[in-house]
Every structure is written in structure tokens, then in C-alpha cells.
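Working notes, beginning with the structure itself.
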Amino acid sequence: MGHIESRNMVASSFLGALLALLLVLPAHGAPNYKLRKGARGDICISCHDEFEKVVKKRFLHTPLAEGDCTGCHSPHTSNHEMLLAAESGQLCYECHDEMIPEDAKSVHQVVLEGKCVSCHDPHGTDNENALKMPGADLCFECHKDYRKNIRSYKNQHDPVEDDCLECHNPHASAESRKLLTDEVPSLCLDCHDTDESSFKNLHQNYPVQTGSCTSCHNPHGSNTTAILYDNVHEPVTDGKCDECHEGTSASNPFALKNIGYQICEGCHYELVVDTLNMKRVHWPVLDQVGCINCHSPHASPQKPLLREPMLELCGSCHSDTVARQERSETEHPPIADGECYECHSSHSSNEIFLLRESSVIDSCGNCHDWESHSRHPMGKKIIDPRNGNLTVQCLSCHRTHGTEYEYFIYTEKTNGTCVQCHERFRR
Amino acid sequence: MRRTVTIFTVLVCFLGSVQASGADSTRIRWVTSAYGDIEGRGLKNPEGVACSGKDLFVADTGNSRLLHYTYADKIMTAKATFAIHKSIPIVVQVNSKGHLYYLDGRERRIVVLDAAGSDSFLDPKGLPFSTDMVPKSFKIDSEDNFHILDIFSEKVVVLDSEGQYLRHLAFPEGFGSFSDLAVDSSGSVFLLDGVEAKIYSAGANADQFSPLTESLKEYANFPTSLATDEEGLIYVVDRNGSGLVLVDPNGSFLGRKVGSGWTEGLLHYPSQICITDEGNILIADRSNSRVQLFKVVGGK
């Protein structure tokens with residue numbers, strides 16, 4: 001037989017075998033593993049009998065309701081815990097991929113992290129949507145501060161008592177920040193009729209329905225009438241909106257009568273004058289936004305009308321400094337507790353870094369009895385050997401906001417700091 | 001086959017090293033430091049520096065004075081001291097005629113210092129807007145025009161050498177807080193957002209700023225000052241990180257230079273920066289109460 005003829009024979013044999021194989025294989029769909037009836041679910045319960053109670057729950061996850069445990073679990077082996085067919089969060093998205101809209105303005109952190117089982121039982125519960133707990137109780141498991149505050153408020157906001165989901169989307173929101181189902185004030189106007197005369201009177205006839213309700217009102221409740229935040233700016237309490245804003249007949253009633261710190265000067269004259277007379281003024285005081293960079297002009301949960309707790313507020317610009325303390329080996333309580341004002345003046349000072357005290361030693365000495373902690377010479381008369389223009393003080397060895405080393409020193413070991421100056425002891 | 005793989009590997013390594021060296025081959029080498037005036041009285045938390053040829057000027061903020069140095073052969077020599085009592089000089093500039101100007105941090109106005117040592121405020125004339133000005137920084141360009149970073153009107157206001165209004169550029173939207181500006185030899189203006197660690201730029205004839213860089217937060221803790229050299233390289237002082245960040249004219253990060261410390265060549269909460277005609281860098285090393293001169297080597 002010639003060479004070409006033998007090759008043709010081999011090719012023909014191969015094609016024949018392939019054809020035979022195709023005829024043998026089933027024509028449609030998934031391979032037939034010859035499973036027993038109930039193999040995808042019912043049989044599982046014969047070993048996992050704890051699920052006999054679970055399947056009786058009111059709200060079952062669909063795969064379980066259909067008796068299809070293999071919808072989520074691999075029956076043989078898996079690289080994931082609980083024999084899941086994929087990573088826990090990723091698995092849910094294979095069916096529930098609509099949870100985060102493309103243009104989401106806010107996303108619940110647990111959803112972003114794929115921790116769906118933080119809220120949902122993947123099998124079933126007696127709570128709608130197979131939630132682990134009903135209503136706000138589930139939210140308060142993480143948002144503990146809200147539980148504490150909401151339950152203590154004298155004046156409650158009705159929707160909050162009902163369910164957080166009256167206002168919030170638990171997964172993500174394309175409408176607003178903070179998982180709100182709609183922007184403020186649209187969300188508020190779903191319940192509150194701003195055309196009522198009583199409403200208008202209370203708001204001095206200003207068109208507040210075009211503003212932001214939460215600049216004055218705490219949507220979760222408060223101890224103040226009308227659920228205003230607990231600290232209210234006096235003109236607001238007195239209903240004197242026109243102290244700062246144009247009158248209600250103006251083309252833009254909310255327009256301010258002045259800008260920057262100048263608008264606050266009318267009532268806070270001495271404070272403004274004292275602030276501006278210092279050598280160094282905190283720059284936000286002087287820009288176009290002025291005092292309300294940090295203070296809420298209407299009401300706030302924080303004294304003295306700070307927009308946010310001090311750590312978050314200062315950290316909104318000085319994020320590097322706050323992050324430094326978070327990473328620090330040793331905690332410095334005034335910083336960790338967000339009491340920046342212990343050392344720094346928020347408005348102005350004659351010192352660099354807006355320190356309250358002219359002497360760093362005096363500043364630290366307000367808390368630290370350094371004379372008993374360290375007998376190292378310090379003070380204006382002790383010249384720093386490294387630099388004749390400097391004197392030895394606390395910051396010669398410590399970095400107040402933290403370092404990666406203990407006691408905020410700059411070196412791993414204490415003697416590493418000492419030999420910065422005492423060079424003859426270097427090894 | 002083996003030969004092909006070897007040649008390919010060598011080529012990849014070579015091209016990679018060429019690319020890497022272009023990206024970060026600029027070296028900053030310490031040259032000298034200055035600690036005091038002609039009489040040896042020490043600097044105290046200086047915040048401003050200005051460079052003009054061989055003449056270097058320092059705003060010795062803590063001592064309310066300006067100092068004049070000359071630089072030659074790697075030595076800075078103190079020449080003159082200008083006492084400006086009750087003023088807090090935080091930014092200093094010098095124009096082409098050698099006239100000194102400084103920003104008084106207490107009055108928040110630009111002061112003109114004449115040859116006799118008398119000072120007067122720069123009074124802007126012909127402003128088309130009526131708000132007060134709060135200058136946070138200012139620079140003088142090659143035509144002796146003032147570019148003022150006015151945080152109250154949220155504009156960069158350009159005045160001629162006599163203070164007459166020329167034009168202004170509004171701050172771009174969505175900024176954090178601008179801390180400094182720079183003007184290059186072509187008249188392009190650069191704005192430094194210290195909170196967002198971003199740089200914006202506007203060409204000489206542009207009427208608005210646009211972002212030049214993404215956020216440089218990964219490389220700079222809290223940048224507060226910037227300057228450009230003749231080739232368009234941008235030097236950004238990271239005050240809280242006590243370092244220098246280099247950015248190319250296209251806004252790409254090139255590298256981070258210098259470190260934090262007390263020994264010469266290191267910085268501690270540095271402030272203003274200026275570039276000499278020879279391309280040397282003068283930095284007000286504020287918390288070390290000195291100024292330091294660095295030389296730029298290689299890379300351009």
C-alpha cells in the first residue's frame with residue numbers, strides 16, 4: 001500500500017470513530033450523571049437532617065425551595081468553604097446581579113464586600129427576604145451607635161420606628177448618598193406636606209422644600225423639638241433666618257447677606273477680631289466659605305455646632321495626620337479620641353501648627369508630667385546638638401501623631417534616638 | 001529556538017531598564033545649608049524662599065525678617081538682613097529688578113520692600129470684582145506680573161508690576177483647598193490643591209484651569225508648595241511627609257526625593273521652594289529652622 005493511501009485510511013478511520021462517538025453521546029444539554037431522584041437536594045437532607053427544620057421556614061431561598069442544594073454547593077469537592085461552588089459573595093451575584101446599579105451613588109459596605117450572608121440566611125428564615133432578623137434590629141447589629149441614640153431620643157421620627165428601609169435601600173442607591181431611596185428633600189416630601197400653613201409658619205415662610213431638611217433636622221430623632229439636632233444655632237431657635245439670609249421676598253431668599261467669616265462677624269464680632277489678630281489664622285476661616293467649612297450654621301449633633309465629630313472633621317483635610325495615628329504603634333489619646341483642640345487652636349494662634357501653647361514642653365506638660373517621666377535636659381536653654389537653631393524639647397524625640405515605633409519615637413529602639421545626638425555612643 | 005529566547009529576554013531587560021531609568025533618573029543631591037544671618041543669628045521657622053540668579057532670599061518668619069544670601073561655589077553667604085517688625089513674612093518673591101515682595105501672614109497682604117528698606121502694601125487697582133482679597137500665596141512671573149492665589153474670591157488674580165489688574169482665572173470646580181501656585185517661563189499657571197494632592201494648570205492664554213494630575217495622595221501626605229524648572233519639571237514640597245515629589249510636564253509622577261530628618265540633606269516640615277537659574281533647588285526647611293540648597297543631577 002502506498003504512503004498516501006495509508007494516510008487516507010488513518011484519516012477515514014478517525015472520522016468514522018468520531019462519528020460513532022457523536023451518535024452515542026446524548027443530543028441535548030447537560031451530561032446525564034444517572035442521578036437518583038432527589039440527588040440534587042432531598043438526598044442531602046438525609047445526612048444534613050438539621051435542614052428538616054430549615055425547609056419549613058416561611059421564606060426559603062429559591063434553590064432550596066426547589067430542592068436544589070447543588071444550585072450553590074458542589075456535591076463532591078470545592079476550593080471554597082462549605083463546599084460552595086464559588087466565593088460566597090460572588091456566588092450570590094450569579095443570580096442576583098442587579099443589586100448594585102451602574103450609577104450607584106452609594107453602596108452598602110457589606111454588599112461591596114460581597115458579605116450577603118451578613119444580613120441574609122442563604123437557606124431561609126421566617127423573615128421576609130430571608131433576613132436573619134426583622135426590621136431595624138438587623139441594622140443595629142452593626143450600627144450600634146444608632147440603636148443607642150435612637151432609643152434614647154425624646155422625640156422620635158416615625159419612619160425610623162417602623163423600619164430603616166422606609167428611607168434607606170439596604171444594598172445600593174442610584175438616587176442619593178447614604179443609601180437613601182431618594183434625595184433630600186424629595187424623600188421627606190413623600191410624607192411632609194410643605195403647603196400647610198403651619199409648616200410655612202414654622203419655617204418663617206422660607207421655601208425650605210427646595211433646601212436640605214437634614215441641615216436642621218435629625219432624621220433619626222433628637223432630644224429637641226421638631227427633631228432639630230441637639231445643638232441649635234440661636235437665630236434658628238429664634239426664627240430669625242433673615243439675620244443671615246435675604247428676606248423671603250428676595251429672588252433668592254436663601255442667599256446669604258455676606259460671605260465667608262464676614263457673615264458671622266455681626267454676632268461673633270469679638271471672636272472674629274481676636275481670631276484675625278493672631279499671627280497665623282487657620283486658612284479655612286479666611287476663604288469664601290469661612291466658618292461654615294467646619295460649623296453647621298443651623299443645627300448639629302456636635303458642640304459647638306461642628307458639622308461632624310472633630311476627628312472626622314479635621315480628618316476631612318488632614319487625612320494623612322489622622323491616618324498616621326491610626327497606624328501608630330502607640331495610641332495618643334487626644335488624637336485617637338478626636339480631641340485635636342487639646343493641642344491646636346481651630347481658629348488661629350501665634351504659633352506654628354496653630355499650637356495653643358508657645359512652648360511645646362508646656363503643651364505636652366498639660367497631660368504629661370514629664371519631669372517625673374524624663375530627667376533629660378529640655379527647654380529653651382538646651383541647644384539641640386544636631387542643629388544650633390533648635391532647642392531640645394519633646395518633639396526632638398517624639399512625633400506627636402505617631403510613628404511605627406513605640407512611644408512615637410523615630411527609631412525602632414530608644415538608643416537609636418539617643419545616638420542621634422550622643423554620637424559618641426553609636427556602635 | 002534557545003537562541004531566539006535568549007535574544008528576546010535580553011531585549012526585554014534592556015528596554016525595561018531604559019524605560020525605568022527615564023522615569024526616575026533625576027537625583028537630588030544636597031549642596032549646602034544656611035542657618036543664620038551675617039551676624040550669626042539663627043533662623044527661626046523660615047517659611048519662604050525666593051531665587052534670582054545668584055541671589056537667594058529667605059523669609060525668616062519666626063524672626064520677622066527677610067535675609068539675603070548669595071550663592072557661589074557651593075556656599076551660601078549671608079549678605080543683608082531686612083527687619084520687618086510686627087510682620088509675619090510667609091512667602092517671599094523678588095522681581096527682575098531685584099525688588100523684594102513678601103506676603104504678610106498677619107495682615108494677609110503683599111508688602112513691597114523698597115531699596116531703602118521701607119515697606120508699603122501692594123494695592124490692587126482696577127479689580128472687576130468687589131470682594132476683599134485674601135492672598136494665600138503669590139508668585140512673580142518673568143514679566144514682573146503678580147499672580148495672586150486669592151482664596152476669598154476663589155481666583156488667581158494677575159496684576160502688573162504696578163498692581164493694575166490684568167486678568168483672573170477662577171478656581172476649578174471640586175477643589176479641596178489650594179495652598180500654592182507657580183508660573184513657568186511661558187506664563188502657564190499651576191495650582192496645588194494640598195488637601196486633594198492634585199495639580200491644575202492653565203496655559204498662558206487659557207481662561208480656566210484643568211487637572212494636570214490625578215491625586216498624588218499615594219506619594220505626598222500634604223503638599224503645600226510647588227515650583228517649576230526651565231524644562232517644565234514640577235517640584236512639589238510634601239510638608240507633612242517632609243519630602244519632594246517630582247512631576248513631569250504631562251502630570252505623570254516621576255519620583256519622590258529627599259527624606260525626613262534633622263541631618264543636612266533631610267527635611268522636617270519644609271515650606272516654600274524655589275529653583276535657581278542653574279536649576280538648583282532652595283527649600284525653606286521650616287521645622288529645622290534652616291534653608292537647604294540641593295542640586296539636581298541627571299534625568300532630564
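These numbers come from the heavy atoms of this one structure, side chains and all, not from hydrogens, waters or symmetry mates. Within every chain, numbering begins at 1; the chains are lettered A, B, ... in the order of the sequence lines, protein sequences first and strands thereafter.
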Contacting region of [X] [heavy-atom separation from chain A under 4.5 Å]:
X: B/T61; result: side chain
X: B/D150; result: neither
X: B/N221; result: both
X: B/E196; result: neither
X: B/L43; result: both

(message) As an exercise: rank A/Q262, A/R324, A/H401 by heavy-atom pairs under 4.5 Å with chain B and give me the winner.
(response) A/Q262
With a 4.5 Å cut-off on side-chain heavy atoms, are [Y] and [X] touching?
X: A/I383; Y: A/V392; value: no
X: B/M76; Y: B/Y69; value: yes
X: B/I281; Y: B/L244; value: yes
X: B/I234; Y: B/I199; value: yes
X: A/D362; Y: A/V360; value: no

(request) Quick one: which of B/K217, B/H268, B/R286 has the most heavy-atom pairs under 4.5 Å with chain A, could you say? (result) B/R286
(message) If we define contacts as heavy-atom pairs under 4.5 Å, which of B/E264, B/K136, B/R106, B/E154 has the most with chain A?
(response) B/K136
(request) Kindly state whether the ring of B/F178 and the ring of B/F171 have centres lying under 6.0 angstrom apart. (result) yes
(message) Quick check on A/S396 against chain B: is it the side chain, the backbone, both or neither that has a heavy atom closer than 4.5 Å?
(response) backbone
(request) Sort A/S319 into side chain, backbone, both or neither according to what part of it lies under 4.5 angstrom from a heavy atom of chain B. (result) side chain
(message) Regarding A/K105 and A/E183, does a basic nitrogen lie under 4.0 Å from an acidic carboxylate oxygen?
(response) yes
(message) What I want to find out is whether A/K257 reaches A/D242 closely enough, with some N-O distance under 4.0 Å, to be called a salt bridge.
(response) no
(request) Check B/L192, B/V237, B/V245, B/L191 against B/L226 for a side chain to side chain contact (heavy atoms under 4.5 Å, CB included) and give me the one that passes. (result) B/L192
(message) Under 6.0 Å from the ring centre and within 45 degrees of the ring axis: does the NZ or CZ of B/K198 meet both conditions for the six-membered ring of B/F175?
(response) no
(message) I want to check a possible cation-pi pair here: B/R256 against B/Y219, using under 6.0 Å from ring centre and within 45° of the ring axis as the test.
(response) no
(message) Using only non-hydrogen atoms and a strict under-4.5 angstrom cutoff, which residues of residues 406-417 of chain A touch chain B?
(response) A/Y410
(message) Counting only non-hydrogen atoms closer than 4.5 Å, can you tell me which residues of residues 270-288 of chain A sit against chain B?
(response) A/L276, A/N277, A/M278, A/K279, A/R280, A/V281, A/W283, A/L286, A/D287, A/Q288
Distance-only, no hydrogens or angles: does the [X] side chain make a donor-acceptor pair with backbone N or O of [Y] under 3.5 Å?
X: B/S137; Y: B/D180; answer: no
X: A/N387; Y: A/N389; answer: yes
X: B/D104; Y: B/I88; answer: yes

